[in-house]
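Input: a single structure, listed below in structure tokens.
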Amino acid sequence: MKAIRRFTVRTVLPESIAPLARLAKNLRWSWHQPTLELFHDLDPQNWEASGHDPIRALGAASRQTLERIAADPELVERIRTLDEGLEHYLSAPRWYQSLGEDAPRSIAYFSPEYGISAVLPQYSGGLGILAGDHLKAASDLGVPLVGVGLLYQAGYFKQSLSRDGWQQETYPVLDPNGLPLTLLREEDGTPSRINLPLPNGRHLMAQIWRADVGRVPLLLLDADVRGNDDAARGITDRLYGGGGDHRLQQELLLGMGGVKALRVFERLTGAPSPEVYHTNEGHAGFLGVERIRELMDTGMGWEEALTVTRASTVFTTHTPVPAGIDRFDQAEVRHFLSAGLAQSVPTDKVLALGAEDYEGGDSGKFNMAVMGLRLAQRANGVAKLHGEVSRQMFSGLWPGFDVSEVPITSVTNGVHVPTWVDPQLTELAKQQFGIASVHDRDWARAYEVPDQELWDLRRRLRSNLIEDVRGRVRAAWLKRGAADAQLGWTDEVLDPDILTIGFARRVPTYKRLTLMLRDPARLKALLLHPTHPVQIVVAGKSHPADEQGKRMIQDLVQFTDDPELRHRIVFLPNYDIAMARTLFPGCDVWLNNPIRPLEASGTSGMKSAINGGLNVSIMDGWWDEMYDGDNGWAIPSANPREGTHTRELYTADQRDDIEASALYDLLENTVAPLFYGQEPPGDAGAAGPSDAPADSLPREWLEMVKHTLAELGPQVSASRMLKDYVNRLYRPASDSGRTAAANQYQAAKELAAWILKVRDGWSGVSVEHVDSIGISDAPQIGDSLTIQAYVSLGSLKPSDVVVEAAYGKVSSTDKLSDHQFLDLQVAEDLGSGRYLYSGTLHIEVAGSFGYTVRVLPEHSGLASKAELGLVANA
Ligand SMILES: *Cc1c(COP(=O)(O)O)cnc(C)c1O
């Protein structure tokens with residue numbers, strides 16, 4: 001029989017163990033080992049059955065069990081102590097509280113997905129995991145962040161395999177009442193709601209769930225409410241499920257509805273209004289439109305409202321892959337706006353924000369990343385290389401400027417160490433050094449750990465993984481239709497003494513899941529090598545609409561099905577956080593082979609590194625800046641900057657051949673011999689592989705592991721990332737926002753009026769003529785040169801602009817490089833808006849030297865020279 005209705009009956013906890021409710025509800029348990037151990041110890045069997053889910057475990061506990069716990073003084077005391085610890089964690093001052101009064105009072109963080117714990121499956125991959133780690137690190141550091149997102153009824157799909165290795169998707173529906181969530185309610189107990197008008201008189205309402213991620217509240221909008229029609233209820237059905245309209249409505253709800261949800265939250269809790277709005281990728285970009293609407297509803301003009309909003313908005317772009325950017329039809333966006341989503345805001349202005357009105361753009365499209373950049377005064381990519389690639393990619397928005405001047409900086413991603421470091425590594429640190437958890441400053445002590453201890457730890461982590469893998473391989477085969485009796489071999493899958501390589505991530509084409517299959521015979525030889533074999537664990541979900549990704553998975557699965565190889569290479573279905581937490585620590589090598597430079601950052605290699613795994617990776621994303629020659633290996637790229645040259649050196653096929661071959665060489669000749677403590681072949685006096693004494697430790701390998709822990713630990717941690725965001729983006733954004741808002745938005749009004757004036761007058765600005773004085777025919781280092789520039793400012797004044805000389809080395813094509821700038825000063829007012837500017841510079845480099853002069857708008861309210869996209873070059 002099938003139930004027609006379902007309720008989750010709430011457990012009533014006996015008084016003495018009542019604090020368990022809060023310990024279960026606050027997601028801090030997901031990275032707090034002592035709390036996890038408590039939930040395990042309360043009832044180990046129940047804990048396993050719950051899938052390590054405290055709410056589910058408590059819900060399933062019988063009255064008898066609860067009474068037994070309540071009567072056990074030792075458990076009661078542990079619960080009390082942990083609850084006190086949580087209270088202290090939630091309220092004591094932390095790093096952020098030492099920053100002083102002028103740090104932002106509150107920061108709103110918007111993301112379409114959050115990967116916090118396996119019990120809240122609201123993520124598809126790296127973007128969501130990063131968002132989860134961002135919230136957790138903010139909590140640890142006391143950063144007053146509020147997260148905003150959507151609650152998807154089925155989250156992302158669960159992956160299984162058909163008999164022939166084709167990805168199958170299922171969408172189990174979640175019951176929010178059984179999740180670590182609390183519904184926001186009005187004083188009279190009715191659920192709080194936000195409401196967005198839709199075309200044809202329809203409405204989209206949403207209720208708001210609150211998750212507590214340590215100190216950080218996360219608000220999740222849920223459209224599955226009575227009063228919505230079926231179509232509206234379905235808007236939050238799945239993460240990245242639909243296309244077109246469905247996706248657009250999700251994003252309108254996230255952005256515009258998200259700001260409304262924040263206002264409800266502020267009203268109910270008295271929380272301060274955010275002073276900074278940070279959008280994690282472009283999906284939440286409509287939050288800026290909603291903020292402009294709020295301001296224009298009070299009578300403010302468009303330009304002023306835009307100025308205020310931009311000042312306090314931060315936009316992070318996450319992908320150089322065009323397919324990763326949301327684009328809608330302009331007409332579609334107009335259709336929804338016409339329903340009155342933002343009545344006081346001129347629709348054409350909103351449409352212009354997302355218009356691809358630059359070379360190579362499509363005038364019919366509305367581009368969410370472009371809107372993100374136009375609505376945020378500050379923007380960043382997620383690794384140094386990705387910053388460069390993003391400046392190139394979006395340079396069309398700043399014509400007339402060098403790519404290096406495009407105002408997109410970078411903050412390299414990081415990972416939340418307490419979530420991703422294995423508890424056994426923490427335990428080792430505790431035994432060796434008496435520290436309870438590993439902080440950024442502690443990593444350097446890795447060098448002090450005895451080799452034997454470290455090697456034993458690595459083996460334990462590998463064994464853990466292997467045990468988990470065997471269970472998963474068996475379960476996967478049962479699902480694929482095999483009989484239990486046929487699966488004895490799964491108990492022998494993988495070997496705890498063999499070099500273990502991991503590869504797990506989403507399966508978009510550019511990540512090249514199947515690069516390792518390029519030459520199947522070579523891979524087979526590596527797997528079955530007589531003295532230094534490798535074994536490989538692979539996992540990853542393909543987007544349900546991506547046939548090519550599914551075919552790659554199938555190719556890989558079919559390779560792993562070979563009875564000759566299946567004990568050395570496995571594909572594990574349904575990659576998720578729970579699997580990841582065993583997988584990263586258990587792998588000796590983490591493999592990453594995207595097409596450079598399409599991996600914006602990548603974070604899984606970081607999770608491997610903090611557990612003592614060594615990276616073997618294409619020089620892309622975070623690895624491009626953190627590989628130091630001793631912390632892993634770089635796979636060379638055939639085409640160093642794919643997509644950014646007009647012509648590649650090699651075709652895609654040649655490229656994959658070259659890079660796969662480099663990978664095989666690396667694994668076979670360098671990585672594997674080192675792991676087994678063998679001299680790489682070719683070294684003088686190399687001993688035969690079998691000469692190494694059986695009990696000797698691979699000292700060089702362990703040295704690399706220690707070096708990785710010591711050097712990468714602090715660099716890849718999310719606390720480093722959060723501090724970078726606070727110092728480099730949040731604080732400047734809140735300063736700009738406060739300045740703009742002071743005295744009834746006086747500065748914003750002035751700045752907006754000035755921007756209009758400058759835009760109007762810019763066609764009258766030009767550099768008419770430039771002279772240089774004092775230069776001989778044979779200039780020498782140390783000579784000075786006086787530049788005189790005749791500049792027309794039209795209707796603008798010298799106080800509106802800066803006239804600068806850029807000077808330095810020039811190439812044979814007259815391109816300046818390594819150049820410096822010199823501000824020129826007004827030497828003479830020539831009348832009719834014309835001025836003579838001059839300045840003297842010193843020649844400090846030998847070789848070909850050149851200079852140019854340009855005029856830029858200048859105002860203290862601008863965050864970068866290129867911000868308005870206006871420049872008059874000589
Ligand atoms: C870390 C992680 C990712 C992201 O991996 P990338 O290397 O950044 O692609 C995806 N899924 C899960 C479950 C993860 O833990």
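Source: prediction; values computed, not measured. Both ligands and their constituent atoms are indexed starting at 1 by order of listing.
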Relative to the ring of Trp590, is the ring of Phe584 parallel (under 30°), tilted (30 to 60°) or perpendicular (over 60°)? tilted

Aromatic ring proximity His543/Tyr240, centre distance under 6.0 Å: no

Non-hydrogen atoms closer than 4.0 Å to ligand 1: which protein residues do they belong to? List them by chain and number, please. Gly125, Gly126, Ile129, Trp420, Arg505, Lys511, Tyr575, Asp576, Ile577, Ala580, Phe584, Gly602, Thr603, Ser604, Lys607

NZ or CZ of Arg474 within 45° of Trp477 ring axis and under 6.0 Å: no

Of Arg512, Lys511, Arg506, the one forming a salt bridge (Lys or Arg N to Asp or Glu O under 4.0 Å) with Glu599 is Lys511

Trp633 vs Trp701 aromatic rings, parallel, tilted or perpendicular, using cut-offs 30° and 60°? tilted

Just to verify, what does His52 make a ring-ring contact (aromatic ring centres under 6.0 Å, His included) with, not counting sequence neighbours? Trp47

